[in-house]
Amino acid sequence: MNTPIADFVRRYAASGTARLHMPGHKGRAFLGCEALDITEIAGADSLYEAHGIIRESEENASALFGSARTLYSTEGSSQCIRAMLFLCLTCRASGAKPVVVAARNVHKAFVFAAALLDIEIVWLWPESMTSLCACEVTPQRLERTLSAMDAPPAAVYITSPDYLGGQADVAALARVCHAHGTVLAVDNAHGAYLRFLSPIRHPLDLGADICCDSAHKTLPVLTGGAYLHIAKSAPQAFARQAKQAMALFGSTSPSYLTLTSLDLCNAYLAGGYAQTLLETVQRIAALRKRLASNGWHALPSDPLKLTLDACAAGTTGTALAQRLRERGVECEFADPETVVFMLTPETPQADMDRLIDALGVCRESARPRPVLPMVKGERFCSIREAVFAPHETIPAADALGRVCGAPTVACPPAIPIAVSGEVITREALALFAHYGIDEVDVIRA
């Protein structure tokens, strides 16, 4: 597969042209990559008015992912999430309300997008609170929720895979959405590679209408590289207005280094990646068996994640992560119950062996998994009203009864405990303490 962006950038870097344009480093090596870092000069194309090499590269990506249209983001899935919601809102079916039904384990980018677009949210809550990161949504629950509404929502929105690797039944949820005259939008930030499994498990192939992938999370792409995918079955207005939606929320100075890495990734994906991915999944399966034989328990997850149950090991995820850090192994995420590792074909076998050695044999007795309180804050005002109101930061322990201003949560996992506009409850205070959140942002009294 051709790589038009990378080819242009390399030719320009080797041309010796006097760079009387941005960026300010002028191609000189401060970091080492400057020669390849350019701006929208003649021939280089412009991301949001793409008609040349960027358009050609995005069409290559669309062919690889089987979409009606795939667009690049250099600002991660956060930009794509905002664009998805904009499209769902402005292109919604006749009679549909400006409401989104969403599983509660959304990324905070979703909350800020709802504030910018003034969208009302109907939350789908988990049956029980096992983790801030998880929110299982069954087709039966979604059917009940949509049947109880007097008009279809603009969209149903889920996160799959979630941060722990949990995967929704996207195909069944899509069928429910379509039966009720609405679309399914999926935050697939952790699952770009799912298109290249056999059988394919990417949301677009399972019936989702629109989704985002963070290419940089599981593919060899620079940080910030992401895709917005629009399904062939989605409303045609989605594809027509997608560039406008991305431009509305994106910088006019997208990183050409990130664009180049997205472009090169097309050739990587087309060049035998599916077989390499299969071999990697097999290596991870063998790693799971080795860990199990050493007494460690891995939770069910998507194929490229390894999520260890720290409670089963008689410790906390944060303590286990620190122990591994001291032995030269850094995890992706840890909380009191779990440790998450993200693996890809670029993970050498030596690093998997190093993880085995660093963990050693689990000899501790399991500790009880804590029962986490269900946090369902009462709505005081809209998300938009709360985000744009004057705020103050106070100790979390003093926040009972106050109204959440901006979501207060670290990234990762960037999943709010209390959402803007909700009254902070005792249950929320308990979760703040559980996840080590000391201060919260509230509407100024």
Side-chain angles (χ1 to χ4, degrees), residues 103-107 125-138 159-168 190 284-343 352 354-376 396 408-418 425-438:
R104 180 64 175 203
N105 61 333
V106 293
H107 190 278
W125 299 91
E127 295 290 344
S128 61
M129 190 71 178
T130 58
S131 169
L132 183 61
C133 299
C135 181
E136 182 183 4
V137 177
T138 64
T159 301
S160 179
D162 62 34
Y163 220 111
L164 302 184
Q167 294 179 273
H190 289 247
I284 295 171
L287 174 63
R288 288 172 175 270
K289 289 182 179 179
R290 292 173 67 189
L291 288 169
S293 68
N294 285 345
W296 299 96
H297 177 60
L299 298 172
S301 68
D302 70 87
L304 290 190
K305 276 201 186 75
L306 176 66
T307 303
L308 292 185
D309 185 344
C311 296
T315 185
T316 66
T318 46
L320 187 55
Q322 181 57 32
R323 170 180 154 189
L324 291 171
R325 191 170 296 120
E326 292 167 356
R327 299 180 184 187
V329 175
E330 188 64 41
C331 68
E332 163 64 24
F333 170 69
D335 66 16
E337 287 75 50
T338 58
V339 182
V340 178
F341 307 92
M342 293 181 68
L343 310 169
M352 294 189 188
R354 192 172 181 181
L355 174 60
I356 292 284
D357 292 341
L359 285 169
V361 176
C362 179
R363 304 184 187 279
E364 303 297 324
S365 300
R367 68 180 179 90
R369 178 173 288 274
V371 177
L372 302 180
M374 181 71 72
V375 179
K376 291 186 178 181
T408 306
V409 64
C411 184
I415 299 168
I417 291 172
T425 62
R426 292 189 185 279
E427 291 79 10
L429 262 59
L431 272 194
F432 289 149
H434 183 77
Y435 285 104
I437 296 172
D438 299 322

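Positions are given from 1, in the same order as the sequence printed here.
Looking at heavy atoms from C-beta onward, Leu291 lies in side-chain contact with Ile356 at the 4.5 angstrom threshold. A 4.5 Å side-chain heavy-atom check between Ile437 and Leu431 finds every atom pair outside the cut-off. Residues His297 and Cys311 are not in side-chain contact: their nearest non-hydrogen atoms beyond the backbone lie 4.5 Å or more apart. For the pair Glu337/His434, a side-chain contact is recorded, criterion being any heavy-atom separation below 4.5 Å from C-beta on. The side-chain heavy atoms of Pro303 and Gln167, taken from C-beta on, include a pair separated by under 4.5 Å.
A donor-acceptor contact shorter than 3.5 Å is absent between the side chain of Thr307 and the backbone of Leu299. In this structure, the side chain of Thr159 does not engage the main chain of Asp162 through any donor-acceptor pair within 3.5 Å. Of the possible polar contacts, none joining the Ser301 side chain to the Gly165 backbone as a donor-acceptor pair under 3.5 Å is found. Of the possible donor and acceptor atoms, one in the side chain of Tyr435 sits under 3.5 Å from a partner among the backbone N and O of Leu132. Looking only at distances, a side-chain donor or acceptor of Ser293 sits under 3.5 Å from a matching main-chain atom of Arg290. A donor-acceptor pair under 3.5 Å links the side-chain atoms of Trp296 to the main chain of Gly360, judged by distance alone. Side-chain atoms of Arg323 come within 3.5 Å of backbone atoms of Leu359 as a donor-acceptor pair (strictly under, hydrogens ignored).
Between the CD atom of Glu127 and the CE atom of Met374 there is a distance of 7.5 Å, given to the nearest 0.5 Å. Here CZ of Arg363 is found 9.0 Å from CG of Asn294. Values are rounded to the nearest 0.5 Å. Atom CG of Leu320 is separated from atom OG1 of Thr338 by 10.0 Å, given to the nearest 0.5 angstrom. Between atom OG1 of residue Thr318 and atom CZ of residue Phe333 there is a gap of 10.0 Å, rounded to the nearest 0.5 Å. Taken to the nearest 0.5 Å, the CG atom of Leu164 stands 10.0 Å off from the CG atom of Asp302. For the atom pair CD (Glu427) and CD1 (Ile417), the distance works out to 12.5 Å, reported to the nearest 0.5 Å.
Heavy-atom minimum distance, Ala334 versus Gly317: CB-O, 3.5 Å. Nearest heavy atom pair, residue Ala358 against residue Val329, reads CB-CG2, 4.0 Å. Taking each heavy atom of Ala310 and Thr316 in turn, the nearest pair found is CB-C, 3.5 Å.
The side chain to side chain donor-acceptor pair (under 3.5 Å) with Tyr163 is formed by just one residue from the set Lys305, His107, Glu332, His190; it is Glu332.
When only modelled atom types and interatomic distance are considered, Ser131 and Arg369 share no side-chain donor-acceptor pair under 3.5 Å.
Counted within 6.0 Å of CD on Glu136, heavy atoms from surrounding residues, nucleotides or ligands total 12 or fewer; the atom is thus considered open. Enclosure of atom CD in Glu364 is not indicated, since only 12 or fewer non-hydrogen atoms of other residues, nucleotides or ligands lie within 6.0 angstrom.
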Would you sort out whether Asp335 and Val340 count as a side-chain contact (heavy atoms from CB on, under 4.5 Å), showing the intermediate values?
CA-CA 9 Å; Asp335 66 16; Val340 178; over 6 Å; no

